[in-house]
Structures are given as C-alpha cells and as structure tokens.
K.L.:
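Take a look at the following structure, please.
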Amino acid sequence: MNEKENINKDKIKFLNLQLIATTGFIIALIISFFLTLDKRLSLQGEKRIFNEKEAQNLALFQTILVFIIAVCFLYVNYKQYKLAKKTKDTSEEDLLLQIETSIFAIISAIIGLYIIFKNYRNRNLTIPETELF
C-alpha cells in the first residue's frame, strides 16, 4: 500500500469518527429538546415527561455526552491538521481554526459540567431552576 492510500485510509477513519461524534451531537440535541419540553410542562403545571430524578440523570448524561463530543471533535481536527501539514494540504489553516473552535467548545462543555455538578447534585435543584444558570 502506498503513502497516498495510507493517508486516504486515515482521512476516512477520521471522517468516520466525525460522523459518530455528529450522531452523538444529534442525540444530545434530541435529549435537550425533550428536557426543554419537560421544563415547559413543569412550569405550566402539567404532567411532565420525566420525574425529577430521571430529568437530572438525563441532563447529566447529556452534559457528559456534549463534553465527550467536544473532545472527539478536537481529536479529529488535530489529527486532520497533522495529516494536512504532512501532505502540505491547503486546508491546513482552516483545520487550525477548527482546532481553536474545538477548544472553545471544550471550555464551554467544562463550564456546563461544572454547573451541573456544582448546582445540580449539591443543592438538588429542580430542572426549571437550573435554567436560570
């Protein structure tokens, strides 16, 4: 197998990983949709989709999933950047910007995790109360 085929295999591997992360992001959005719907029902005094414990666990899962996705995108962007640098690809500068964007996403995800752990578990805030943060 020549060098070009190896590089293409690597690119395909990273694109597959990116597809998996994107699917995870879609799942996180769907969870967010249902949690928001549940919050709205709670505020309207209607029957909720989840009980409080289920909603807390789901929100915690979603926050952890978003963090994992952000780390995954950073990893993929970094590996693609290294490949572009190795092959003198013109997308090198764009990939560097994507790495910076991924770093901001990780920072945002860490802040989200901090809020969930600090205010969710310690004070047992309800789902609608966490919306204030």
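Just so we're clear, the structure is a prediction, and the values are computed from it rather than from any experiment. Below, all heavy atoms of this structure are taken into account, side chains as well, without hydrogens, waters or symmetry copies. When a residue number appears, it is its place in the shown sequence, counting from 1.
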K.L.:
May I have all residue pairs that pass side-chain hydrogen bond (donor to acceptor under 3.5 Å, both in side chains) and include part of residues 10-21, sequence neighbours excluded?
P.N.:
none
K.L.:
Taking all non-hydrogen atoms of both residues, which atom of A84 and which atom of L95 are closest, and how far apart?
P.N.:
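Heavy atoms only, the tightest pair is CB-CD1, 3.7 Å.
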K.L.:
Give the intermediate values and the outcome of side chain to side chain contact (heavy atoms under 4.5 Å, CB included) for residues F73 and T22.
P.N.:
CA-CA 9 Å; F73 273 111; T22 301; 3.6 Å; yes
K.L.:
Who clusters with I7? Use side-chain heavy atoms, under 4.5 angstrom, across I, L, V, M, F, W and Y, and order the result by chain and number.
P.N.:
F14, L17, Y75, V76, L83
K.L.:
Can you tell me how far the CG atom of L113 sits from the CD1 atom of I106, to the nearest 0.5 Å?
P.N.:
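It is 11.0 Å, given to the nearest 0.5 Å.
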K.L.:
Indicate if I30 and F25 have the same hydrophobic cluster label, given that clusters are the connected sets of ILVMFWY residues with side-chain heavy-atom separations under 4.5 angstrom.
P.N.:
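Yes, I30 connects to F25 through the hydrophobic network.
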K.L.:
Say whether I31 and V66 are linked into one hydrophobic cluster, either directly or through other cluster members, by side-chain heavy-atom distances under 4.5 angstrom.
P.N.:
no
K.L.:
Between I69 and F34, is there shared hydrophobic-cluster membership here, with clusters defined by ILVMFWY side-chain heavy atoms closer than 4.5 Å?
P.N.:
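In one cluster: yes.
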K.L.:
Any side-chain to backbone donor/acceptor pair from E46 onto L41? Under 3.5 Å, distance only.
P.N.:
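Judged by distance alone, no pair lies under 3.5 Å.
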K.L.:
Taking T63 for its side chain and A59 for its backbone only, find out whether a donor-acceptor pair lies under 3.5 Å.
P.N.:
yes
K.L.:
Heavy atoms, side chains only, cut-off 4.5 Å: are E93 and L96 in contact?
P.N.:
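Sidechains of L96 and E93: no contact.
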K.L.:
Out of curiosity, K47 NZ to S42 OG, how far, rounded to the nearest 0.5 Å?
P.N.:
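Between K47 NZ and S42 OG, I get 12.5 Å after rounding to 0.5 Å.
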K.L.:
Taking a hydrophobic cluster as the set of Ile, Leu, Val, Met, Phe, Trp and Tyr residues connected by side-chain heavy atoms closer than 4.5 Å, whether directly or through intermediates, do L97 and L74 fall within one such cluster?
P.N.:
no
K.L.:
What's the separation between atom CZ in R40 and atom CG in L37, rounded to the nearest 0.5 Å?
P.N.:
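One gets 5.5 Å once the value is rounded to the nearest 0.5 Å.
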K.L.:
For S102, give me all partners under side-chain hydrogen bond (donor to acceptor under 3.5 Å, both in side chains), at least two apart in sequence or on another chain.
P.N.:
N77
K.L.:
Under the 3.5 angstrom rule, does the side chain of D38 hit a backbone N or O of I49 as a donor-acceptor pair?
P.N.:
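Answer holds: yes.
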K.L.:
As an exercise, state the distance from NZ of K82 to CD1 of I99, rounded to the nearest 0.5 Å.
P.N.:
9.0 Å
K.L.:
According to a 4.5 Å side-chain heavy-atom criterion applied to Ile, Leu, Val, Met, Phe, Trp and Tyr, with indirect links allowed, do Y81 and I103 form part of one hydrophobic cluster?
P.N.:
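Yes: a chain of side-chain contacts under 4.5 Å links Y81 to I103.
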K.L.:
Enter the distance from N57:CG to Q62:CD here, rounded to the nearest 0.5 Å.
P.N.:
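Going from the CG atom of N57 to the CD atom of Q62 covers 13.0 Å.
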K.L.:
When you measure from the side chain of T23 to the backbone of L19, do you find a donor-acceptor pair of N or O atoms at a distance under 3.5 Å?
P.N.:
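Checked: pair present.
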K.L.:
Looking at CG of L65 and CG of L58, how far apart are the two atoms once the value is rounded to the nearest 0.5 Å?
P.N.:
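Spacing of CG (L65) from CG (L58) equals 10.5 Å.
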K.L.:
Before you tell me yes or no, could you show the steps for L15 and Q80 under side chain to side chain contact (heavy atoms under 4.5 Å, CB included), namely the whole-Å CA-CA distance, both residues' side-chain angles and the distance that decides it to 0.1 Å?
P.N.:
CA-CA 9 Å; L15 288 173; Q80 287 177 329; 3.9 Å; yes
